[in-house]
S.K.: 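I am attaching a structure below and will ask some questions about it afterwards.
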Amino acid sequence: MLPNKACAVVLSSSPYPRLLLFRHPLAGVQLVKGSIEKGEAPGAAAVRELWEESGIRGALIKADLGCWDAGHQGQVWSFQLCEVKGPLPEQWAHQTLDDHGHVFEFFWAELDQLPLNECHPLFQRALAFLGAALQAHGHKGKWVECDPL
């Protein structure tokens, strides 16, 4: 399964693991995700998308969490666990240069209290896959139960 989308996964490390999410002004709560360009590795695409969508620079890939067939418009997502240097704010806004210049509002969500009711069903399923992938890679954090329909 060859991925055509890269998803940058960022977890906080203290005081307990939380997941970086953002509110899209038109499409609800989402993970950072975007297209993999021709000749680009999924990890490089995830780092690029993280910079473009959040303003976070200098992320490193900590682990490849696997691929997921989204069952939507031929999308296959590659989940990349990213490590960022230094602390990040509790919340911030970032205006994108692409995606019509929207302002994305970033925040940290507790793993057992993800705002699933604010997510499109596609992102609800992506979060279900991500939870299983993190647990398979030894992450012991408590994860909200998601219906992986």
S.K.: Please check: side-chain N/O of Gln124 versus main-chain N/O of Leu116, any donor-acceptor pairing under 3.5 Å?
M.R.: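 Yes; at least one donor-acceptor contact below 3.5 Å.
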
S.K.: Any chain of hydrophobic side-chain contacts (each under 4.5 Å) joining Trp51 to Leu60?
M.R.: no

S.K.: Short question: side chain of Ser12, backbone of Pro17 - any donor-acceptor pair under 3.5 Å?
M.R.: no

S.K.: Determine, stepwise, if the pair Leu19 / Leu31 fulfils side-chain contact (heavy atoms from CB on, under 4.5 Å).
M.R.: CA-CA 9 Å; Leu19 178 65; Leu31 292 154; 4.0 Å; yes

S.K.: CD1 of Ile56 to SG of Cys82: how many Å apart, nearest 0.5 Å?
M.R.: 8.5 Å

S.K.: Can you sort out the partners of Arg23 under side-chain hydrogen bond (donor to acceptor under 3.5 Å, both in side chains), two or more places apart, ordered by chain and number?
M.R.: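 Arg23 satisfies side-chain hydrogen bond (donor to acceptor under 3.5 Å, both in side chains) with Glu118 only.
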
S.K.: About how many Å separate CZ of Phe129 and SG of Cys67, when rounded to the nearest 0.5 Å?
M.R.: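 If we round to the nearest 0.5 Å, Cys67:SG and Phe129:CZ are 7.5 Å apart.
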
S.K.: Taking the ring of Phe106 and the ring of His94, is the distance between their centroids below 6.0 Å?
M.R.: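 No; Phe106 has its ring centre 6.0 Å or more from that of His94.
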
S.K.: If you look at every heavy atom in Ala46 and Ala8, which pair is closest and at what distance?
M.R.: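 Here Ala46 and Ala8 meet closest at O-CB, 3.6 Å.
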
S.K.: Would you compute the distance between atom NZ of Lys33 and atom CG of Leu50 and round it to the nearest 0.5 angstrom?
M.R.: 14.5 Å

S.K.: Taking Phe104's backbone N and O only, do any of them form a donor-acceptor pair with His102's side chain (distance below 3.5 Å, no angle check)?
M.R.: no

S.K.: Would you list the pairs meeting salt bridge (charged side-chain N to carboxylate O under 4.0 Å, His left out) in which at least one residue belongs to residues 53-63, sequence neighbours left out?
M.R.: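 Listed by first then second residue: nothing to list.
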
S.K.: Does a side-chain heavy-atom distance below 4.5 Å link Leu65 with Gln80?
M.R.: no

S.K.: Between Leu11 and Leu134, is a side-chain contact (heavy atoms from CB on, under 4.5 Å) present by the stated rule, with each step listed?
M.R.: CA-CA 11 Å; Leu11 297 175; Leu134 285 168; 4.2 Å; yes

S.K.: Sort and list the pairs that fulfil salt bridge (charged side-chain N to carboxylate O under 4.0 Å, His left out) and have at least one residue in residues 68-89, not counting sequence neighbours.
M.R.: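 Residue pairs passing salt bridge (charged side-chain N to carboxylate O under 4.0 Å, His left out), neighbours aside: none found.
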
S.K.: Once ring pair (Phe, Tyr, Trp, His ring centres under 6.0 Å) is applied, do any residues pair with Phe123, and if so which ones, sequence neighbours excluded?
M.R.: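 Phe123 satisfies ring pair (Phe, Tyr, Trp, His ring centres under 6.0 Å) with Trp77 once adjacent residues are dropped.
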
S.K.: Does any non-hydrogen side-chain atom of Trp68 lie less than 4.5 Å from one of Arg125?
M.R.: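 Yes; the side chains approach each other to less than 4.5 Å.
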
S.K.: Around atom CG of Leu2, are there more than 12 heavy atoms from other residues, nucleotides or ligands closer than 6.0 Å?
M.R.: no

S.K.: Can you tell if the side chain of Leu21 reaches within under 4.5 Å of the side chain of Leu114, non-hydrogen atoms only?
M.R.: yes

S.K.: Roughly how far, to the nearest 0.5 Å, is the CD atom of Gln135 from the CG atom of Leu111?
M.R.: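 Rounded to the nearest 0.5 Å, the CG-CD separation comes to 9.5 Å.
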
S.K.: Donor-acceptor pairs under 3.5 angstrom involving side-chain atoms of residues 36-43: please list them, not counting sequence neighbours.
M.R.:
residue: Glu40; atom: OE1; partner: Glu37; partner atom: N; Å: 2.9
residue: Glu40; atom: OE1; partner: Arg48; partner atom: NH2; Å: 2.8
residue: Glu40; atom: OE2; partner: Arg48; partner atom: NE; Å: 2.8

S.K.: Step by step, work out the side chain to side chain donor-acceptor pair (under 3.5 Å) result for Lys5 and Ser78.
M.R.: CA-CA 6 Å; Lys5 301 291 180 184; Ser78 173; over 6 Å; no

S.K.: What distance do Gln30 atom CD and Leu127 atom CG have between them, rounded to the nearest 0.5 Å?
M.R.: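 The CD atom of Gln30 sits 10.5 Å away from the CG atom of Leu127.
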
S.K.: Would you say the rings of Phe107 and Phe22 are close, in the sense that their centroids are separated by under 6.0 Å?
M.R.: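 No: the rings miss the under 6.0 Å criterion.
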
S.K.: Should Gln75 and Asn4 count as side-chain neighbours, where that means a heavy-atom distance under 4.5 Å?
M.R.: yes

S.K.: So do the side chains of Ile61 and Val47 get within less than 4.5 Å of each other, counting heavy atoms only?
M.R.: yes

S.K.: If only atom types and distance count, is the side chain of Gln95 paired as donor or acceptor with the main-chain N or O of Gly101 below 3.5 Å?
M.R.: yes

S.K.: Holding to ring pair (Phe, Tyr, Trp, His ring centres under 6.0 Å), I want the full list of residues that pass it with Trp108, two or more places apart in sequence or in another chain.
M.R.: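 Trp108 satisfies ring pair (Phe, Tyr, Trp, His ring centres under 6.0 Å) with no residue once adjacent residues are dropped.
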
